[in-house]
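Residue indices begin at 1 and follow the sequence shown.
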Amino acid sequence: MFDIIYFLEMIGVVAFAISGMIVARSKNMDPVGVFTIGFVTALGGGTLRDLMMNNHPLYWIKHQEQPILILAMAVVFSYWSRAHSLRESRIVFPDAIGLGIFTILGAQLALDLGHSWFIASLLGVMTGTFGGALRDTLCNEVPFIFRKDQIYASISFAGCWLYFVCQWLLESETLALSIGLLFIVIFRLAAVRFDIRLQRDQSHS
């Protein structure tokens with residue numbers, strides 16, 4: 001039987017790992033660095049979520065195919081001659097995909113374990129944003145989640161609540177999940193494309 005949740009998880013792992021490896025190559029890191037940044041970007045949020053919910057063993061320990069896949073990707077990125085020329089701006093799309101998938105799946109898991117909507121939304125945001133924050137911190141960049149010129153965590157948080165409401169109103173869990181996920185991905189890409197911000201710098205005359 002096709003497992004849509006596992007399929008989405010693997011897409012999220014690949015997307016976040018790609019975003020991490022692009023940044024790592026742009027910083028001229030060696031293969032160990034490329035793997036490390038890809039690993040923490042893809043699996044850091046889920047690890048923190050599982051630790052906070054005392055959900056053991058950690059998901060990637062139960063599913064070793066995920067770190068194995070990241071290792072294989074790191075080898076390709078490290079020895080692919082064109083990878084070093086990829087600009088950091090190229091991470092926006094895979095990062096948005098990872099943000100959407102891991103936010104909603106993190107919130108869904110929290111609900112399944114009996115947590116309230118509010119707690120589930122916080123855990124969803126944590127799952128979706130923490131890996132990227134680790135990536136940027138380790139690469140000496142200000143994380144998206146803390147940058148004034150980016151809408152990031154707010155989109156993740158809003159997507160969680162849209163998912164909860166759709167889940168409550170609709171009979172289809174898959175449809176609710178898809179709506180929340182697509183909202184985050186599309187709105188994040190639109191925010192970057194059209195320079196949408198929560199707060200603008202105030203100019204003084």
Side-chain angles (χ1 to χ4, degrees), residues 1-19 41-60 62-63 65-66 69 91-135 143-145 150-194 196-198:
M1 181 178 179
F2 181 69
D3 188 342
I4 183 64
I5 300 300
Y6 183 76
F7 178 71
L8 287 174
E9 286 171 347
M10 295 304 290
I11 292 177
V13 166
V14 170
F16 260 160
I18 288 174
S19 76
T41 306
L43 303 177
T47 297
L48 180 62
R49 174 203 65 210
D50 287 346
L51 290 173
M52 295 198 71
M53 292 195 300
N54 197 29
N55 187 33
H56 296 286
L58 301 179
Y59 191 84
W60 60 267
K62 289 191 296 184
H63 296 273
E65 64 273 15
Q66 293 185 350
L69 174 61
I91 76 170
V92 171
F93 181 71
D95 185 80
I97 296 293
L99 178 66
I101 289 175
F102 282 119
T103 292
I104 298 302
L105 295 186
Q108 182 193 51
L109 177 61
L111 289 180
D112 290 343
L113 293 177
H115 296 288
S116 68
W117 282 11
F118 180 70
I119 296 300
S121 67
L122 295 182
L123 289 167
V125 171
M126 187 181 302
T127 307
T129 63
F130 188 71
L134 281 175
R135 173 198 65 213
F144 283 148
I145 192 173
Q150 300 283 339
I151 303 181
Y152 200 72
S154 302
I155 295 174
S156 175
F157 187 74
C160 285
W161 284 90
L162 177 61
Y163 162 62
F164 299 153
V165 171
C166 289
Q167 185 186 50
W168 179 54
L169 292 175
L170 305 174
E171 295 183 359
S172 173
E173 167 69 17
T174 301
L175 181 58
L177 186 150
S178 300
I179 291 172
L181 192 161
L182 288 173
F183 169 84
I184 294 172
V185 174
I186 292 171
F187 204 90
R188 171 61 186 156
L189 293 175
V192 174
R193 174 66 178 83
F194 299 107
I196 302 171
R197 311 183 187 189
L198 288 178

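Residues Ile179 and Tyr163 fail the side-chain proximity criterion, which asks for heavy atoms closer than 4.5 Å. Residues Leu109 and Asp50 form a side-chain contact, since some pair of their non-hydrogen atoms from C-beta on lies under 4.5 Å apart. No side-chain heavy atom of Ile145 sits under 4.5 Å from any side-chain heavy atom of Gln150. Counting heavy atoms from C-beta outward, Leu175 and Cys166 have side chains that stay 4.5 Å or more apart. Residues Leu105 and Leu177 have side chains in contact (heavy-atom distance under 4.5 Å, counting atoms from C-beta outward).
Nearest heavy-atom pair, Thr103 versus Leu99, reported as atom, atom and distance to 0.1 Å: OG1-O, 2.6 Å. Closest approach of Phe183 to Ala158, counting heavy atoms only: CE2-CB, 3.8 Å. For the pair Leu181 and Ile104, the tightest heavy-atom approach, listed with the atom from each and the gap, is N-CG1, 3.7 Å. Closest approach of Gln167 and Leu111 over heavy atoms only: OE1-CD1, 3.5 Å. Here the closest non-hydrogen pair linking Cys160 and Gly124 is SG-CA, 4.2 Å. For the pair Leu43 and Val13, the tightest heavy-atom approach, listed with the atom from each and the gap, is CD2-CG2, 4.1 Å.
Judged by distance alone, the side chains of Tyr59 and Glu9 do bring a donor and an acceptor atom under 3.5 Å apart.
Applying the side-chain hydrogen bond (donor to acceptor under 3.5 Å, both in side chains) test to residues at least two apart or on different chains, none of the pairs has a partner in residues 123-132. Among pairs with a residue in residues 93-103, those fulfilling salt bridge (charged side-chain N to carboxylate O under 4.0 Å, His left out) read Asp95-Arg135, at least two apart in sequence or across chains.
Distance CD1/Ile119 to CE/Met126: 9.0 Å, rounded to 0.5 Å. The structure places CD of Glu173 at 11.5 Å from CD1 of Ile4, a figure rounded to the nearest 0.5 Å. Taken to the nearest 0.5 Å, the NE2 atom of His115 stands 11.5 Å off from the CG atom of Leu122. Rounded to the nearest 0.5 angstrom, Leu189 CG and Ile155 CD1 are separated by 9.0 Å. Rounded to the nearest 0.5 Å, atoms CZ (Arg188) and CD1 (Ile196) are 10.5 Å apart. Of the inter-residue distances, the one linking Thr174 atom OG1 with Ile5 atom CD1 reads 7.0 Å to the nearest 0.5 angstrom.
Screening Phe157, Phe144, Phe187 for a ring-ring contact (aromatic ring centres under 6.0 Å, His included) involving Tyr152 leaves a single residue, Phe144.
Remark: Glu65 CD is packed, more than 12 non-hydrogen atoms of other residues, nucleotides or ligands lying under 6.0 Å away.
Between the side chain of Asn55 and the backbone N or O of Arg49 there is no donor-acceptor pair closer than 3.5 Å. The closest donor-acceptor contact from the side chain of Arg197 to the backbone of Ala191 lies at 3.5 Å or more, if one exists at all. A distance-only check finds a donor-acceptor pair linking the side chain of Ser121 to the backbone of Phe118 [under 3.5 Å].
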